[in-house]
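Mind having a look at this structure? Questions to follow.
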Amino acid sequence: MRPTISIVVAIFNRKDELFELLNSLTFQTDKEFEVIIVDDGSLIDLKPTIQNFEEILNIKYFRKDNSGPGLSRNYGAKRAQNDWLLFVDSDVIVEKDYIENIKKDIETIPCDAFGGADKAHKGFNLMQKAISYSMTSVFTTGGIRGSKKAVSRFQPRSFNMGVNKAVFEKVGGFSEMRIGEDPDLSMTLWEKGFTTAFFDDIAVFHKRRVDLGKFSKQVYQFGCARPILNQRHPNYVKISFAFPTLFMLGYIFGFIEYFVLGRGIILAFYGLYTFLVLFHAMIVTKNISIAGMAVISTYIQMFSYGYGFLKSWVLLNIFRMKPEDAFPKHFHIK
């Protein structure tokens with residue numbers, strides 16, 4: 001018997017992105033799946049968008065009070081009818097063989113949960129492509145979001161994540177975390193003895209943020225979440241998690257060295273790093289404008305994430321604050 005798929009989408013506003021996602025699902029070569037939309041207290045009416053697809057897709061719509069993406073996905077999972085839960089963000093677009101490849105991979109690659117890469121669509125604007133580069137580059141994240149070769153143990157993320165429904169229920173689904181809830185689930189799965197896998201033929205086109213301000217805020221929140229995750233899952237702490245903070249502090253010390261000691265040794269390394277990012281981005285994107293923007297988005301990513309990580313680490317480890325007290329907006333507190 002072939003695997004059965006329930007796609008669960010938690011959404012807050014973003015009706016235009018939802019239209020693009022649902023539209024891409026209408027072109028699937030394998031049309032045997034259901035779509036569950038969980039409206040997480042949106043401030044705009046999403047029903048008209050969904051009604052455009054009700055005769056084309058097996059789609060169910062639910063609206064609830066806002067609780068964040070994790071608990072909204074749990075809400076949708078409880079209403080799913082199929083054996084596998086497929087979580088995607090509302091700002092992704094999938095290729096026409098997405099469902100077909102997922103079913104094929106489930107049948108051939110033993111696992112309890114899986115994930116895939118994200119990439120930039122040719123129709124995305126230059127800034128979106130630059131941000132996509134920053135989030136998937138070997139010079140920033142180590143390429144762990146975009147390549148099976150980059151990791152020995154893959155950690156699925158909720159923009160493109162599948163979990164066996166019975167396993168999902170056994171571990172209790174997503175936690176109360178609003179930020180970092182997907183790596184939290186992945187590590188919980190490992191701790192419970194379940195396995196994860198990377199499917200290299202199910203990449204999605206991920207729109208991400210459309211400007212640097214929103215991107216900076218997003219990665220800052222990711223940085224704040226990481227020390228919390230380290231506390232929750234101490235067996236999976238890596239020194240590389242602190243790299244953006246070290247990068248940020250090194251840059252500051254570089255300027256101190258230059259203005260106080262009159263030497264630019266540290267800044268010279270940052271100059272080399274900038275050149276490598278620019279050169280690599282030009283090769284990957286084949287566009288000098290995107291490459292230039294990618295340098296800017298890379299520095300924003302490193303500094304914003306690094307500051308968030310440092311702030312969170314100090315609050316949790318120096319001031320001994322509880323995560324929910326240090327970052328109440330990062331948790332759903334009843």
Side-chain angles (χ1 to χ4, degrees), residues 3-10 36 38 67-89 92 98-99 101-118 141-204 206 222 225-238 240-241 323 330-332:
T4 54
I5 303 290
S6 294
I7 302 174
V8 179
V9 183
I36 298 174
V38 182
S67 63
L71 297 186
S72 294
R73 296 187 192 107
N74 292 350
Y75 184 95
K78 290 179 180 179
R79 289 152 180 80
Q81 300 296 314
N82 294 321
D83 297 330
W84 285 85
L85 304 170
L86 179 58
F87 301 104
V88 296
D89 283 351
V92 305
Y98 182 62
I99 297 296
N101 286 339
I102 286 175
K103 291 183 179 181
K104 176 198 67 177
D105 290 340
I106 289 174
E107 292 177 323
T108 57
I109 303 174
C111 64
D112 301 299
F114 62 85
D118 59 341
T141 63
I144 61 172
R145 299 171 68 98
S147 171
K148 182 177 181 178
K149 297 178 181 178
V151 287
S152 58
R153 196 176 199 179
F154 187 69
Q155 194 175 93
R157 299 299 176 93
S158 58
F159 62 81
N160 187 10
M161 178 184 199
V163 189
N164 181 277
K165 186 180 180 183
V167 170
F168 185 81
E169 291 173 344
K170 284 182 181 178
V171 301
F174 290 97
S175 71
E176 74 284 0
M177 294 182 69
R178 286 177 176 260
I179 307 294
E181 76 286 347
D182 40 354
D184 181 60
L185 175 59
S186 292
M187 288 182 281
T188 298
L189 289 168
W190 296 342
E191 290 163 353
K192 301 294 184 181
F194 296 110
T195 59
T196 60
F198 179 90
F199 293 171
D200 59 8
D201 55 357
I202 66 164
V204 299
H206 198 178
F222 290 162
R226 179 51 66 179
I228 299 173
L229 292 168
N230 289 347
Q231 279 194 356
R232 293 168 71 98
H233 308 281
N235 291 334
Y236 301 108
V237 175
K238 296 180 181 179
S240 59
F241 294 154
H330 284 202
F331 293 85
H332 178 64

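Computed from heavy atoms alone, side chains included, the values below leave out hydrogens, waters and symmetry copies.
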Exercise. Does Gln81 have any side-chain contact (heavy atoms from CB on, under 4.5 Å) partners at least two apart in sequence or in another chain, and if so, which?
Worked result: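 Gln81 satisfies side-chain contact (heavy atoms from CB on, under 4.5 Å) with Glu34, Lys60 once adjacent residues are dropped.
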Exercise. Between CG of Asp182 and CE of Met187, what distance do you get to the nearest 0.5 Å?
Worked result: 9.5 Å
Seminar exercise, completed: Sequence neighbours excluded, the answer for side-chain contact (heavy atoms from CB on, under 4.5 Å) partners of Ser175 is Met177, Asp184, Arg232
Exercise. In Å, rounded to the nearest 0.5 Å, how long is the span from OG of Ser67 to CZ of Arg178?
Worked result: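 Nearest 0.5 Å value for the OG-CZ distance: 6.5 Å.
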Problem set entry | Option passing side chain to side chain contact (heavy atoms under 4.5 Å, CB included) with Phe194 (candidates Thr188, Val163, Asp112) |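 In the set Thr188, Val163, Asp112, the residue that makes a side chain to side chain contact (heavy atoms under 4.5 Å, CB included) with Phe194 is Asp112.
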Exercise. How far apart are the closest heavy atoms of Val88 and Tyr98, and which atoms are they?
Worked result: CG1-OH, 3.5 Å
Problem set entry | Minimum heavy-atom distance Phe159-Gly116, with the two atoms named |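 Shortest heavy-atom contact: CE1-O, 3.7 Å.
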Exercise. Any donor-acceptor pair under 3.5 Å linking the side chain of Asn160 with the backbone of Gly115?
Worked result: no
For this session: Using atom types as modelled and distance alone, determine if a side-chain donor or acceptor of Asn101 lies under 3.5 Å from a backbone N or O of Asp201.
Result: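 The answer is yes, because a donor-acceptor pair under 3.5 Å joins these two groups.
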Exercise. Between Lys192 and Val171, which heavy-atom pair has the shortest distance, and what is it?
Worked result: CG-CG1, 3.8 Å
Exercise. So, for Leu229 and Gly180, which heavy atoms are closest and what is the spacing to 0.1 Å?
Worked result: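 Minimum heavy-atom contact is CD2-O, 3.6 Å.
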For this session: Would you please test Ile5 and Ile102 for side-chain contact (heavy atoms from CB on, under 4.5 Å) and show each step?
Result: CA-CA 9 Å; Ile5 303 290; Ile102 286 175; 4.0 Å; yes
For this session: Return yes if a side-chain donor-acceptor contact under 3.5 Å exists between Arg153 and Gln155, otherwise no.
Result: no
For this session: Might you point out which heavy atoms bring Pro3 and Trp84 nearest each other, and give the distance in Å?
Result: CB-CD1, 4.0 Å
Problem set entry | ring pair (Phe, Tyr, Trp, His ring centres under 6.0 Å) involving Phe168 - partner list, sequence neighbours excluded |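 Counting only residues at least two positions away or on another chain, Phe168 forms a ring pair (Phe, Tyr, Trp, His ring centres under 6.0 Å) with Phe87, Phe174.
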Exercise. Shortest non-hydrogen contact from Trp190 to Phe154?
Worked result: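 Closest pair (atom of Trp190, atom of Phe154, distance): CZ2-O, 3.3 Å.
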Seminar exercise, completed: By side-chain hydrogen bond (donor to acceptor under 3.5 Å, both in side chains), Lys103 pairs with (sequence neighbours left out) Asp30
Exercise. Is Ile109 close to Phe114 at the side-chain level, that is, under 4.5 Å between some pair of heavy atoms?
Worked result: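 Result no, sub-4.5 Å side-chain heavy-atom pair not found.
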Problem set entry | Heavy-atom side-chain proximity of Tyr236 to Pro183 below 4.5 angstrom | no
Exercise. Residues two or more places apart in sequence or in another chain: which of them pass salt bridge (charged side-chain N to carboxylate O under 4.0 Å, His left out) with Lys165?
Worked result: none
For this session: For Ser186, check side-chain hydrogen bond (donor to acceptor under 3.5 Å, both in side chains) against everything at least two apart and list the hits.
Result: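 For Ser186, no residue satisfies side-chain hydrogen bond (donor to acceptor under 3.5 Å, both in side chains) once neighbours in sequence are set aside.
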Exercise. Between Ser6 and Asn82, is there a donor-acceptor pair closer than 3.5 Å when you use the side chain of the first and the backbone of the second?
Worked result: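 Yes, Ser6 side chain to Asn82 backbone: donor-acceptor pair under 3.5 Å.
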Problem set entry | side-chain hydrogen bond (donor to acceptor under 3.5 Å, both in side chains) partners of Asp105, counting only residues at least two apart |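 Asp105: no side-chain hydrogen bond (donor to acceptor under 3.5 Å, both in side chains) contacts found.
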Problem set entry | Heavy-atom check, side chain of Ile7 versus side chain of Ile99, under 4.5 Å |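 Answer yes - side chains close enough.
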Problem set entry | salt bridge (charged side-chain N to carboxylate O under 4.0 Å, His left out) partners of Asp83, counting only residues at least two apart |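 Applying salt bridge (charged side-chain N to carboxylate O under 4.0 Å, His left out) to Asp83 gives none.
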For this session: Walk me through it: do Ser158 and Asp89 pass the test side-chain contact (heavy atoms from CB on, under 4.5 Å)?
Result: CA-CA 7 Å; Ser158 58; Asp89 283 351; 4.0 Å; yes
Exercise. What distance do Leu85 atom CG and Ile36 atom CD1 have between them, rounded to the nearest 0.5 Å?
Worked result: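 Reported to 0.5 Å precision, the distance equals 8.0 Å.
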Problem set entry | Under 3.5 Å donor-acceptor, Arg79 side chain and Tyr75 backbone |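 Yes; judged by distance alone, with no hydrogens or angles, the pair exists.
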Problem set entry | Set of side-chain contact (heavy atoms from CB on, under 4.5 Å) partners for Pro69, sequence neighbours left out |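 Partners of Pro69 under the side-chain contact (heavy atoms from CB on, under 4.5 Å) test: Arg73, Glu181.
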Problem set entry | Residues forming a side-chain contact (heavy atoms from CB on, under 4.5 Å) with Ser240, sequence neighbours excluded | Lys238
Exercise. Who passes side-chain hydrogen bond (donor to acceptor under 3.5 Å, both in side chains) against Glu191, sequence neighbours left out?
Worked result: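 Here the qualifying residues are His233.
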